[in-house]
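Contents: one structure, followed by commentary.
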Amino acid sequence: MKKPSLNTFVLATTAVLVVVACGSSTPSGLLGGGGPVIPPPNPPPVSGPSRCGEHPWCDVRLSPDERTALLLAELTQAEKISLLGGDNLSGVAGAEGTHTGTGNGIPRVDLPTIYYSDGPMGVRSGMGTALPAPMGLAATWDVALARRYGAMIGDEARNKGNDVVFAPTVDLMRVPMAGRSFEGYGEDPYLSSRMGVAWITGAQSEGVVANAKHYAPNSQEGIGAQPPPELPGVPLGGGVVGGRVSVDARVDDRTLHEIYLAPFEAAVKEAKVGSIMCAYNRLNGQYACENRYLLTDVLRGEWGFKGYVLADYAAAKNPVDSLNNGLDFDPWPGVVLNSNVVTAAVTAGLVSAATLDERVGNMLRTWFAYGVLDRPAYVYDNAQIDQEGHARFAGEVEESALTLLQNDGVLPLDVTKLKTVAIIGVDADKFQKRGGSAGITPFFFNTPREKLTERLTAAGVEVRYDDGSMSSAAVTAATGADVALVFVSDYSIEGSDRPCLSLNCLGDVRDQDALIEAIAAANPNTVVVLETGAPVLTPWRGAVRAILEAWIPGVDAGNAITRVLFGDVDPGGRLPATFPNSEADLPTAGDPMRYPGVGERAEYSEGVLIGYRWFDAMEKTPAFAFGHGLSYTTFDYRNLRVTKSGDTATVRFEVRNSGSRRGREVAQLYLSLPAPSADVPQPPKVLKAFEKLTLAPGESREVTLTLDARAFSYWDVASKSWRITPGCYPVMVGRSSRDLRLTDATTLCR
């Protein structure tokens with residue numbers, strides 16, 4: 001494995017400072033597929049004395065609310081105010097031994113300092129394990145794996161001395177150009193909810209508090225400057241037009257609840273997430289971190305959230321509105337909720353003493369409820385991290401995430417039939433890294449070129465490598481080889497959106513589309529491996545024999561990609577987002593009011609029709625559909641049975657591996673919902689349940705999927721509740737949103 005050199009953090013810190021300067025009522029619990037409600041976590045035991053000390057509020061027999069009331073009564077007004085803002089400016093740079101955020105405690109009452117870390121795809125504090133990007137995790141469609149993913153990051157966060165981890169990102173991908181698309185779980189609220197709930201459950205089981213972000217809806221970074229890939233120390237781009245720090249997302253209440261808020265609701269109600277991060281953007285005219293509808297009416301009123309709300313870094317704007325409307329903590333570096341400003345606001349009567357107690361009480365209650373104060377401090381110690389084991393787990397995730405988009409039989413490769421293999425592209429020989437809160441510096445990593453070469457040369461196969469910088473040299477390397485493996489990537493980063501979906505966007509001087517076309521013309525057995533964070537255009541797909549989407553593959557990329565290319569394991573991925581034929585097919589295409597916005601205002605007028613819902617409603621054919629992914633074997637679906645019981649239903653069917661190889665399948669269930677009225681349109685189909693299976697050749701398994709009342713519901717704006725429309729709800733089961741094998745159109749009629 002390769003070990004990266006330590007980078008200086010001067011550029012990172014400078015860049016961050018520059019950015020800062022500038023029918024019937026239904027329950028609103030589970031989101032469609034059923035499953036248990038997760039209780040608050042039981043953190044793993046840690047030896048040593050409690051951080052709480054010996055005070056009345058340290059009595060664990062009391063409830064968190066009782067303990068909070070006792071501690072609040074002991075604190076002075078100045079002490080309470082001191083807890084509202086963060087106390088560390090430089091930790092955001094990610095240096096070894098530091099924390100992304102720090103909230104100093106109060107020694108007089110033994111209230112300890114609370115430490116925070118970034119963590120959507122790894123812990124960004126010195127070196128860590130970079131897992132495949134969350135978009136890749138979503139491609140696994142594996143809830144159990146998502147729980148382990150969260151637990152692994154929770155373990156590293158704990159062993160780097162952190163109490164809270166800033167993750168998961170459950171923002172939906174509205175536009176695939178969005179710079180942080182790779183940090184989320186794709187375009188569907190149900191899939192994102194399942195991944196997010198599992199991630200949170202796993203992380204909090206390790207004794208850290210998870211932080212669901214960015215609330216909401218955080219759908220774009222803005223169009224502007226992107227630092228070039230060769231400057232990895234620069235963590236952020238600079239979105240200007242439609243920028244995240246100023247854009248006003250105009251979203252109707254139905255779309256909010258059904259699409260953009262759904263993963264957060266699941267995080268609160270099912271995973272019992274301990275904290276929420278409010279976003280930079282405005283929602284319907286008011287900044288998210290001072291938006292009373294978001295922070296108070298919905299989060300605490302509708303959902304009963306009992307944790308605390310913290311701001312994205314420099315997302316807090318107005319101290320009075322923030323405190324009065326629901327913001328509890330301004331982590332970096334406490335500029336808006338600083339002691340002098342808040343003291344003045346309280347003295348002037350603009351913020352009441354009761355509000356101050358509520359804000360501080362939300363933090364204290366969370367720390368009591370999640371055991372943060374009833375254990376010794378976690379110690380920053382990389383030696384306690386199972387670095388090799390975590391790297392192997394990263395490879396396991398990547399194997400399950402690798403999505404075979406196209407294959408005419410060239411894959412899996414058979415080493416006994418190969419004499420010469422060409423590996424083309426610099427992306428075959430480097431660690432794929434993105435900046436911002438997901439910019440991980442790995443303990444070590446391996447590359448596809450490294451592991452493919454080991455495998456091939458051990459079998460006596462000649463390997464030719466060319467970095468692809470000069471098309472003529474790459475063509476020479478590929479010509480005459482038994483197969484040409486072409487590795488390409490996109491370039492995306494927090495802070496700015498990609499200007500297009502092509503592999504040749506601004507900021508990347510390589511003409512990768514032309515490279516693929518040239519190699520395909522020179523070698524009829526060309527396989528393309530995409531290392532992208534989100535959907536890209538594939539205009540050359542008709543000229544190549546196979547396309548394997550590897551996403552941002554993490555530290556064990558070489559092993560995982562090699563094992564899938566050679567068929568040691570079946571490619572386990574299915575698309576969590578639609579790959580379009582062209583940018584003109586996107587719901588925002590040709591409408592600057594929708595994206596990136598005009599006059600800092602973006603209209604979400606496509607409503608609930610995002611992603612595959614839009615493609616279905618507009619009868620557009622995608623390049624690769626939501627849920628799509630090929631296997632090295634084949635699967636048959638049969639014997640669909642649907643049973644209705646009140647407002648719930650049970651769907652059963654059989655899946656059989658009809659091929660000759662062991663394979664992985666994701667059985668997907670979609671419903672077609674009747675429209676309540678002409679002005680409340682419904683998409684042709686919506687994902688409501690799924691199950692991932694691994695089957696041996698000839699093996700069959702019965703799949704049982706449960707649909708609760710929420711699966712049949714829409715958000716009724718007039719009554720502000722979930723309701724069911726009388727009518728029929730056709731059930732569709734299959735391999736993707738465009739490959740449906742079984743249908744029942746009549747059983748679920750009301």
Side-chain angles (χ1 to χ4, degrees), residues 39-88 99 101-116 154 157-158 161-165 204-211 268 272-276 299-300 304-310 323 326-331 334 337 339 342-343 346 351-379:
N42 291 313
V46 182
S47 61
S50 163
R51 290 197 284 182
C52 193
E54 296 182 3
H55 304 281
W57 53 84
C58 298
D59 186 347
V60 296
R61 295 170 297 181
L62 301 177
S63 72
D65 284 312
E66 291 172 321
R67 298 174 70 182
T68 297
L70 288 170
L71 181 50
L72 277 175
E74 177 65 24
L75 297 177
T76 67
Q77 176 178 289
E79 288 171 335
K80 293 173 186 176
I81 291 173
S82 73
L83 296 175
L84 298 175
D87 299 287
N88 189 308
H99 307 271
T102 301
N104 288 343
I106 302 172
R108 182 182 72 83
V109 294
D110 292 319
L111 188 63
T113 297
I114 303 299
Y115 296 107
Y116 299 80
R158 184 184 72 244
N162 297 288
D163 303 292
V164 182
V165 59
Q204 294 191 160
S205 73
E206 292 293 321
V208 297
V209 176
N211 177 247
V268 170
K272 306 298 182 187
V273 71
S275 64
I276 297 284
L299 184 60
R300 298 198 185 273
F305 179 60
K306 304 292 283 184
Y308 67 105
V309 177
L310 56 89
L323 289 171
L327 178 64
D328 300 309
F329 183 55
D330 178 18
L337 299 189
S339 294
V342 176
T343 299
V346 173
V351 175
S352 69
T355 296
L356 179 60
D357 279 359
E358 183 180 358
R359 301 280 79 81
V360 175
N362 287 336
M363 290 187 281
L364 297 179
R365 183 178 56 245
T366 304
W367 299 335
F368 282 128
Y370 289 76
V372 174
L373 305 182
D374 298 324
R375 55 165 173 78
Y378 294 143
V379 177

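Nothing fancy with the numbering, it's 1 onward along the sequence. Quantities reported herein were computed from a predicted structural model and do not represent experimental measurements.
No donor-acceptor pair closer than 3.5 Å links the side chain of Arg158 to the backbone N or O of Val208. At distances below 3.5 Å, at least one donor-acceptor pair connects side-chain atoms of Ser275 with backbone N or O atoms of Ala210. Under the 3.5 Å distance criterion, the side-chain polar atoms of Glu79 are left unmatched by any main-chain donor or acceptor of Val109. With hydrogens and angles disregarded, a donor-acceptor distance shorter than 3.5 Å links the side chain of Asp330 to the backbone of Leu337.
Between the side chains of His99 and Asn88, no donor-acceptor pair of N or O atoms lies under 3.5 Å.
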Stepwise side chain to side chain contact (heavy atoms under 4.5 Å, CB included) check, Thr113 with Asp163
CA-CA 9 Å; Thr113 297; Asp163 303 292; over 6 Å; no
Check step by step if side chain to side chain contact (heavy atoms under 4.5 Å, CB included) holds for Val164 and Tyr308.
CA-CA 11 Å; Val164 182; Tyr308 67 105; 3.6 Å; yes
Asp374/Arg51 under side chain to side chain contact (heavy atoms under 4.5 Å, CB included): CA gap, chis, key distance, verdict
CA-CA 6 Å; Asp374 298 324; Arg51 290 197 284 182; over 6 Å; no
I'd like to know whether Glu206 forms a side chain to side chain contact (heavy atoms under 4.5 Å, CB included) with Val165, so could you lay out the CA-CA distance, the side-chain angles of the two residues, the decisive distance to 0.1 Å, and finally the verdict.
CA-CA 11 Å; Glu206 292 293 321; Val165 59; over 6 Å; no
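The side-chain heavy atoms of Ser82 and Ile106, taken from C-beta on, include a pair separated by under 4.5 Å. Here the side chains of Phe368 and Leu71 are in contact, with some heavy-atom distance below 4.5 Å. Under the 4.5 Å side-chain criterion, counting only non-hydrogen atoms from C-beta, Leu83 is in contact with Leu75. Under the 4.5 Å side-chain criterion, counting only non-hydrogen atoms from C-beta, Cys52 is in contact with Arg67.
The nearest pair of heavy atoms linking Val209 to Tyr370 is CG2-CB, 4.0 Å. Considering every non-hydrogen atom in both Pro64 and Thr68, the closest pair reads O-OG1, 2.7 Å. Shown here for Gly105 and Pro107, the closest heavy-atom pair between the two residues is O-CD, 3.7 Å. Considering all non-hydrogen atoms of both residues, Phe305 and Ile276 come closest at CZ-CG1, 3.7 Å. The two residues Lys272 and Gln204 make their nearest non-hydrogen contact at O-NE2, 3.2 Å.
Not a single salt bridge (Lys or Arg N to Asp or Glu O under 4.0 Å) links Glu66 to another residue, sequence neighbours left out. Qualifying ring pair (Phe, Tyr, Trp, His ring centres under 6.0 Å) partners for Phe329, counting only residues two or more places apart in sequence or in other chains: Tyr116.
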Can you give me every donor-acceptor pair (side chain of residues 358-365, partner residue at least two apart or in another chain, under 3.5 Å) with its distance?
| from | atom 1 | to | atom 2 | distance (Å) |
| --- | --- | --- | --- | --- |
| Arg359 | NE | Leu327 | O | 3.4 |
| Arg359 | NE | Asp328 | OD1 | 2.7 |
| Arg359 | NH1 | Leu323 | O | 2.7 |
| Asn362 | OD1 | Arg365 | NH2 | 2.8 |
| Asn362 | ND2 | Asp328 | OD1 | 3.0 |
| Asn362 | ND2 | Glu358 | O | 3.2 |
| Arg365 | NE | Lys306 | O | 3.3 |
| Arg365 | NH2 | Lys306 | O | 3.3 |

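Residue Asp110 holds its CG atom at 9.0 Å from CD of Glu54, rounded to the nearest 0.5 Å. Atom NZ of Lys80 is separated from atom OG1 of Thr343 by 12.5 Å, given to the nearest 0.5 angstrom. Between the CH2 atom of Trp57 and the CG atom of Leu72 there is a distance of 10.5 Å, given to the nearest 0.5 Å.
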